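Structure first, then comments.
The structure presented is a predicted model; accordingly, all values stated were derived computationally and were not measured.
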Amino acid sequence: MLVIGVAGTELTAQERDWLQHDACAGVILFARNFASQAQVAELAAAIREAAPRPQLVCVDQEGGRVQRFREGYSALPPLRRFGERWRAGDRDGALQAAEAHAWLMAREVQASGVDLSFAPVVDLDRGNLAIGDRAFSDDPAVVAEFARAYVRGMHAAGMAATLKHFPGHGSVRADTHVDAAADPRTLEELRASDLLPFAAGIDAGADAVMVAHVSYPAIAPEPAGFSRRWIEEILRGELGFRGVVFSDDIGMKAALAAGGVAQRVHAHLDAGCDVVLVCHPQFVEEALKAVEGRALNTAALIGLIGRGALGWDGLIADGRYGETRRRLEGLA
């Protein structure tokens, strides 16, 4: 199945046609799709009305520099702030604040009629150009504790949690949006470091995992998202994950290793991904054509759709909302 990107703040006729396709499972929203609280709620409703089956409406609302909805929403601090609080000695306070961050983020997203934010990032903060302050810490044991807390906070809000970017994007320098990335370490080294937060998040009940476009040549020759070794043998087999596996965006430069758009889609699905992200509208038509004739697991995303209460009036009336915003203001 595919989760697609659309171009603007309203659906075009062509985009409505895309939503009719059997393989279209949802839409991912970006800053380009956002003008206001009311507008994004209207867009989410329009997406559902245009499709003949339930659609997953999702976004990356991590906080810090990766926050697609801003005006009218809490200024969410980047996850590194919680790691800094941990290092300063306030471990319990740091974990409680991260859990509150997860709850607040999820409830605001739900109030907008959006089902899912792809969070949390459980990569390590070890110098990657794309990750940086999106990560909690460089210490895998610390990130594991935060992974548990963040999943707990999202679940308290009624939102599914997505661990990213499996099996760990933070320990290589290259940004896979613009370049290929390879991590030379062995599986034993990764088990002792980058994989620990994923194991903790899975144990905490994470519902989904997003797979990185990073390659780990000591384990498999292809990037992780194209690798049955990583998805079927390690993620599902060794770590026991039973949820939904998302690809990262196939428009990223590192995804070009598989070939053209159709080849990238098939490579992810053949490797074991349940859902492929096609974030750039210019690739959607070709991606939809590529999956015609493939068997579809349409039930895979049902558990991620609409798990929480919606509406800004109800959220604002919740005393926990104002209290949580005040707690996090100083960290933004």
Side-chain angles (χ1 to χ4, degrees), residues 1-35 39-40 43-44 46-47 50-51 55-62 65-69 114-119 121 129-131 134 162 164-165 169 174-181 208 210-214 222-226 244-271 273-292 294 301:
M1 293 182 292
L2 307 180
V3 166
I4 66 170
V6 296
T9 55
E10 297 179 354
L11 292 177
T12 66
Q14 182 184 43
E15 289 163 353
R16 291 177 185 276
D17 287 342
W18 292 342
L19 291 167
Q20 295 291 314
H21 196 288
D22 287 345
C24 187
V27 175
I28 180 169
L29 303 179
F30 291 89
R32 66 176 183 256
N33 307 118
F34 176 77
Q39 170 272 324
V40 81
L43 178 57
I47 289 165
Q55 296 289 297
L56 180 74
V57 183
C58 46
V59 67
D60 291 309
Q61 189 80 344
E62 300 171 13
R65 58 193 166 92
V66 181
Q67 181 171 341
R68 312 305 188 192
F69 306 159
V114 175
D115 299 295
L116 182 70
S117 172
F118 287 120
V121 169
L129 295 171
I131 302 301
R134 298 166 66 191
T162 304
K164 61 185 188 183
H165 306 80
H169 196 319
D175 178 352
T176 50
H177 293 87
V178 296
D179 204 357
M210 184 180 291
V211 188
H213 290 314
V214 179
E222 59 280 299
F226 305 147
V244 178
V245 178
F246 287 90
S247 80
D248 209 339
D249 176 25
I250 64 166
M252 294 164 63
K253 184 68 176 288
L256 297 178
V261 170
Q263 288 79 14
R264 287 173 243 168
V265 171
H266 287 302
H268 279 107
L269 295 175
D270 291 344
C273 288
D274 298 298
V275 187
V276 176
L277 293 183
V278 188
C279 299
H280 297 271
Q282 65 265 34
F283 298 145
V284 172
E285 192 79 31
E286 187 175 350
L288 289 170
K289 289 178 181 177
V291 295
E292 289 177 0
R294 288 193 72 120
L301 296 188

**Message:** For Q67, give me all partners under side-chain hydrogen bond (donor to acceptor under 3.5 Å, both in side chains), at least two apart in sequence or on another chain.
**Reply:**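 None.
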
**Prompt:** Which residues pass the side-chain hydrogen bond (donor to acceptor under 3.5 Å, both in side chains) test with R294, sequence neighbours left out?
**Reply:** H266, D270

What residues form a side chain to side chain contact (heavy atoms under 4.5 Å, CB included) with [X], not counting sequence neighbours?
X: A35; answer: T9, Q39
X: A224; answer: P167, V211, Y216, W230
X: Q282; answer: H280
X: A271; answer: R228, I231

**Item:** Aromatic plane relationship, F226 with H213 - under 30° parallel, 30 to 60° tilted, over 60° perpendicular
**Value:**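 The rings of H213 and F226 sit tilted, inter-plane angle from 30° to 60°.
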
**Message:** Do H165 and I131 have side chains that approach each other closer than 4.5 Å (heavy atoms only, starting at C-beta)?
**Reply:** yes

**Asked** Which residues pass the ring pair (Phe, Tyr, Trp, His ring centres under 6.0 Å) test with F69, sequence neighbours left out?
**Response**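 F34, Y73.
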
**Message:** Just to verify, what does D249 make a salt bridge (Lys or Arg N to Asp or Glu O under 4.0 Å) with, not counting sequence neighbours?
**Reply:**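 For D249, no residue satisfies salt bridge (Lys or Arg N to Asp or Glu O under 4.0 Å) once neighbours in sequence are set aside.
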
**Message:** Quick test of your reading: applying salt bridge (charged side-chain N to carboxylate O under 4.0 Å, His left out), list the pairs with at least one residue in residues 10-19, sequence neighbours left out, ordered by first then second residue.
**Reply:**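 Checked against salt bridge (charged side-chain N to carboxylate O under 4.0 Å, His left out) - neighbours excluded - no pair reaches residues 10-19.
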
Atom pair [atom1]/[atom2] of [X] and [Y] - distance to nearest 0.5 Å:
X: E286; Y: F283; atom1: CD; atom2: CZ; result: 8.5 Å
X: F118; Y: K164; atom1: CZ; atom2: NZ; result: 7.5 Å
X: Q14; Y: L19; atom1: CD; atom2: CG; result: 11.0 Å
X: F246; Y: D274; atom1: CZ; atom2: CG; result: 8.0 Å
X: D115; Y: L301; atom1: CG; atom2: CG; result: 10.0 Å
X: C279; Y: L2; atom1: SG; atom2: CG; result: 11.0 Å

Has [X] got a side-chain atom pairing as donor or acceptor with [Y]'s backbone, closer than 3.5 angstrom?
X: S247; Y: L277; value: yes
X: D60; Y: V66; value: no
X: S117; Y: Q61; value: yes
X: R32; Y: G8; value: no
X: R68; Y: L29; value: no

Contact summary for [X] and [Y], nearest pair of heavy atoms:
X: A50; Y: L11; result: CB-CD1, 4.2 Å
X: A23; Y: V291; result: CB-CG2, 3.4 Å
X: Q55; Y: A51; result: CG-CB, 3.4 Å
X: G5; Y: V284; result: O-CG2, 3.9 Å
X: V3; Y: C58; result: CG1-SG, 3.8 Å
X: R65; Y: L129; result: NH2-O, 4.2 Å

**Complete:** Test side chain to side chain contact (heavy atoms under 4.5 Å, CB included), reference M210, set V244, D248, V121, V275, output is D248

**Item:** V276, V278, I250, L269 screened by side chain to side chain contact (heavy atoms under 4.5 Å, CB included) with R264, the one that passes
**Value:**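 Going through the options one by one, the only one that passes is I250.
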
**Request:** Take V40 and N33 through the side-chain contact (heavy atoms from CB on, under 4.5 Å) test and state the conclusion after the steps.
**Result:** CA-CA 7 Å; V40 81; N33 307 118; 5.9 Å; no

